[in-house]
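Data first, discussion second: the structure below is written as structure tokens.
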Amino acid sequence: MSKKLIAGNWKMNGGKVANEALLNALLAEVGQPACSIAVCVPAPYLAQAQSICAASAIDLGAQDVSPHEVGAFTGEQSAAMLKEFGVRYVIVGHSERRQYHGETDALVAAKAQRALACGITPIVCVGESLAEREAGKTEEVVKRQLAAVIHSNGHCISEIVVAYEPVWAIGTGKTASPEQAQQVHAVLRAQLKAASEKAGRIKILYGGSMNAANAKELLSQPDIDGGLIGGASLKATDFLSIIASAV
Ligand code: 13P
């Protein structure tokens, strides 16, 4: 089995001084980790994070990318621009973007496609709301969200990372139980395998209130290949502890 991936999603947090302190604290302690590590920083800080993390065990990620290649799209960043800052991963389809920016499955698929075209790994987020879970629609929702990306990316699908992030677990302190998460991960794995014979290599991360206390158990599930961490990625000791659990 390939290495697990622990990715921090800083969301709209940080600042020059805080970022430097956080990244230096991570670099001072991270050593030679058993897992791959990434930090997905706000776009204005990509250059700063790139220079601090250069030639280290920490890879750089962005939080969004334009579905367009170039042109009159005010406020957007293209995949090629991200690539210039050494970005290796980009989050697409985070529930906060689906919810607050009206991102559709088709738009998320187009963003994943642009990232792949520039050699950036999209971290494709899927996840159900509480109402959808309670209505017994979890599988239907995550499969629909992933199907859109599979449909438009064909054989390139083996190059993506998937993150299962139940919306009700994000920033709420409510984590999916390891069994609940594993159940959905197994569904996603089967869907990926049916789409590509190389799907075995696709990492499926869990995200949603993962922290130093619950990471080990979640990460020991057979189909959980890593974590996408929000709040706990902003504190060096917590993030390092999650990294240490990812063996
Ligand atoms: P929290 O870890 O803060 O719940 O956020 C999860 C998340 O949305 C990561 O993308």
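In listed order, ligands and their atoms are each counted from 1.
- Residue contacts with ligand 1: Gly231 is placed with a nitrogen or oxygen under 3.5 Å of a nitrogen or oxygen of the ligand (distance criterion only).
- When hydrophobic side chains of Ile, Leu, Val, Met, Phe, Trp and Tyr are connected at separations under 4.5 Å, Ile91 ends up clustered with Leu5, Tyr89, Ile123, Val161, Leu205, Leu228.
- Summarising the local packing, CD of Gln221 is surrounded by more than 12 heavy atoms from other residues, nucleotides or ligands at distances under 6.0 Å.
- The single protein non-hydrogen atom nearest to atom 5 (O) of ligand 1 is Lys11 NZ, 3.3 Å, given as residue, atom name and distance.
- Follow the hydrophobic side-chain contacts under 4.5 Å out from Leu192 and you never reach Val187; the two are in separate clusters.
- Ring geometry, His68 versus Phe73: the interplanar angle falls under 30°, so the pair is classed parallel (tilted spans 30 to 60°).
- Near Glu165, meaning under 4.0 Å from any of its heavy atoms, are these atoms of ligand 1: 6 (C), 7 (C), 8 (O), 9 (C), 10 (O).
- Contact annotation for Asn9 and ligand 1: only side-chain heavy atoms (C-beta onward) come within less than 4.0 Å of the ligand.
- Remark: ligand 1 atoms within the under-4.0 Å shell around heavy atoms of Ser209 are 1 (P), 2 (O), 4 (O).
- Using a 4.0 Å cut-off to heavy atoms of Gly208, the atoms of ligand 1 that qualify are 4 (O), 6 (C).
- For CD of Glu197, the number of neighbouring non-hydrogen atoms (other residues, nucleotides, ligands) closer than 6.0 Å is 12 at most.
- The closest non-hydrogen atom to atom 4 (O) of ligand 1, taken over Gly230, Gly173, Gly171, comes from Gly171.
- Partners of Leu22 under the side chain to side chain contact (heavy atoms under 4.5 Å, CB included) rule, at least two apart in sequence or in another chain, are Trp10, Leu26, Ala236.
- Contacts with ligand 1 closer than 4.0 Å are made by backbone heavy atoms (N, CA, C, O) of Ala169 only, the side chain lying farther away.
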